[in-house]
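Right, one structure below, let's go through it.
Model, not experiment: these values are computed from the prediction.
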Amino acid sequence: MSFWHKMSWKTEGIQVAAPVQWRQLDGMVTVLWEAESQAGAKGYYLADDPRIMFFFNDVSPHVRISNGNDDFTRGSRSMARAVYVPAGVPMWTSSKNTHRFSHLNLHLHKDRALRYLTPSVGSSAAQAAIRRPVELQDAAAIEALAKLLADEIRNPSKHAVYAESLVGSIVAGLLDIPGDGDEKAGGRLTQAQMNKLLAHIERLGDYRMTVADMAATVDLSESWFASVFKQTTGKSPLQWQLSKRIELAKQLLGESDLPVASIAAQLGFSDQAHLTKVFRQVAGETPAAWRKLQQD
């Protein structure tokens with residue numbers, strides 16, 4: 001499959017430190033970069049195809065990334081050693097200080113990735129895997145494969161199938177592919193992550209966090225968090241927060257004599273009518289009717 005990746009990108013304060021080396025393979029392009037980033041350097045990247053980035057040195061103390069926008073005060077996180085970015089997912093980067101880095105970029109045609117995965121895991125699981133971002137800091141196994149592939153890019157010595165098999169192994173090792181015993185392809189948040197999220201929200205006293213803020217609390221990308229959160233709870237993050245606010249409304253209705261309008265204001269609803277509408281959708285009764293039932 002003849003393939004060349006399509007990517008929009010813009011950088012400031014990043015200089016290439018050595019000639020870029022690349023190799024075009026069947027449905028994939030492999031690229032080796034060495035560069036130096038200045039303090040305050042910025043980058044923006046958006047590719048039409050899935051891609052993998054592997055850093056040969058740890059850049060997590062130096063680089064922050066975001067998939068939402070270039071505001072790194074919210075929803076950003078440290079750059080991991082190995083990162084899988086699905087097609088069409090934007091990435092912004094920001095450098096804290098001057099550093100030099102070396103990394104391997106693997107650009108994959110979607111059909112090539114599916115052709116590699118589908119015979120082993122099935123079409124549904126393969127489709128789900130290529131849509132889910134992955135960020136992995138502890139990447140010793142990926143590093144060993146990446147070094148072999150980098151050597152082959154610098155000095156091709158074997159048939160192309162060797163380099164292609166190394167890329168395939170990196171894909172299989174990095175992407176979130178369900179094991180044979182997994183019931184759901186989407187993955188789940190651990191109980192520790194849910195506890196951390198609940199503790200943070202309860203400490204803030206606010207079930208109206210953005211999805212980006214919720215994701216940052218458990219150190220996940222926004223898109224990945226939204227996917228696994230729904231697999232874990234059966235609801236989107238915003239639906240879950242709304243249901244929690246209604247639970248608080250029930251608690252206040254049952255344990256206090258506060259007017260419904262006051263409860264609506266306390267929980268951040270625009271007015272009593274707004275709370276009444278949402279409460280009826282979730283609980284099947286109006287707040288006043290629900291309170292009367294509890295009292296009876």
Side-chain angles (χ1 to χ4, degrees), residues 66-69 71 73-77 86 88-89 124-125 127-129 131-133 135 176 178 181-296:
S66 171
N67 300 114
N69 52 49
D71 178 7
T73 61
R74 300 174 64 184
S76 68
R77 58 217 180 268
V89 174
S124 178
Q127 291 276 3
R131 289 194 298 265
R132 289 196 295 269
E135 297 170 13
D176 181 40
D182 289 350
E183 294 182 359
K184 295 184 179 181
R188 297 174 64 87
L189 292 172
T190 65
Q191 188 59 52
Q193 287 173 315
M194 285 299 299
N195 290 343
K196 183 177 181 181
L197 181 61
L198 283 166
H200 183 73
I201 289 177
E202 289 171 0
R203 186 166 60 251
L204 292 176
D206 188 354
Y207 280 95
R208 291 175 292 161
M209 294 176 67
T210 67
V211 178
D213 287 340
M214 294 174 72
T217 300
V218 291
D219 299 319
L220 295 175
S221 69
E222 182 176 348
S223 52
W224 168 239
F225 172 82
S227 173
V228 296
F229 188 91
K230 189 163 187 178
Q231 291 286 359
T232 304
T233 67
K235 300 175 181 177
S236 73
L238 298 182
Q239 289 171 335
W240 179 81
Q241 288 187 82
L242 189 59
S243 69
K244 290 294 182 182
R245 290 166 70 195
I246 296 302
E247 288 179 16
L248 289 174
K250 288 180 178 179
Q251 182 177 339
L252 291 171
L253 287 165
E255 298 176 0
S256 75
D257 295 325
L258 286 172
V260 175
S262 297
I263 293 174
Q266 183 173 328
L267 296 180
F269 291 93
S270 57
D271 53 27
Q272 180 175 337
H274 183 203
L275 171 58
T276 299
K277 178 181 178 181
V278 176
F279 196 97
R280 183 188 286 116
Q281 290 173 343
V282 175
E285 302 280 355
T286 67
W290 189 89
R291 171 179 267 171
K292 188 175 186 303
L293 286 171
Q294 300 308 304
Q295 292 171 342
D296 293 343

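- Under a 3.5 Å cut-off, the side chain of Arg132 and the backbone N or O of Asp176 do form a donor-acceptor pair.
- Not a single donor-acceptor pair under 3.5 Å links the side chain of Gln294 to the backbone N or O of Arg291.
- A salt bridge does not link Lys292 with Glu285: none of the charged nitrogens is closer than 4.0 Å to a carboxylate oxygen.
- Every residue was checked against the side-chain hydrogen bond (donor to acceptor under 3.5 Å, both in side chains) condition with Thr286, not counting sequence neighbours, and none meets it.
- In this structure, the side chain to side chain contact (heavy atoms under 4.5 Å, CB included) partners of Pro237, at least two apart in sequence or on a different chain, are Val211, Met214, Phe225, Phe229.
- The shortest heavy-atom contact between Leu189 and Thr232 is N-OG1, 2.7 Å.
- The side chain to side chain contact (heavy atoms under 4.5 Å, CB included) search around Arg245 returns Tyr207, Arg208, Leu242, Phe269, not counting sequence neighbours.
- With sequence neighbours excluded, no residue satisfies side-chain hydrogen bond (donor to acceptor under 3.5 Å, both in side chains) with Gln272.
- Contact annotation: the side chain of Thr217 never approaches that of Gln193 to less than 4.5 Å [non-hydrogen atoms, C-beta and beyond].
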(message) Does Met209 form a side-chain contact (heavy atoms from CB on, under 4.5 Å) with Gln241? I'd like the steps, not just the answer.
(response) CA-CA 8 Å; Met209 294 176 67; Gln241 288 187 82; 3.8 Å; yes
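- With sequence neighbours excluded, the residues that form a salt bridge (Lys or Arg N to Asp or Glu O under 4.0 Å) with Lys196 are Asp219.
- With sequence neighbours left out, Gln191 forms a side chain to side chain contact (heavy atoms under 4.5 Å, CB included) with Met194, Asn195.
- Annotation: side chain to side chain contact (heavy atoms under 4.5 Å, CB included) contacts of Lys277 (sequence neighbours excluded): Gln281.
- Nearest heavy-atom pair across His274 and Asp271 is N-OD1, 2.8 Å.
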Atom pairs and distances, donor-acceptor, side-chain atoms in residues 246-265, under 3.5 Å, two or more places apart:
residue, atom, partner, partner atom, Å
Ser256, OG, Leu252, O, 2.5
Ser256, OG, Leu258, N, 3.4

(request) For Thr210 and Asp213, run side-chain contact (heavy atoms from CB on, under 4.5 Å): C-alpha distance rounded to whole Å, both residues' side-chain angles, the deciding distance at 0.1 Å, then the answer. (result) CA-CA 5 Å; Thr210 67; Asp213 287 340; 3.2 Å; yes
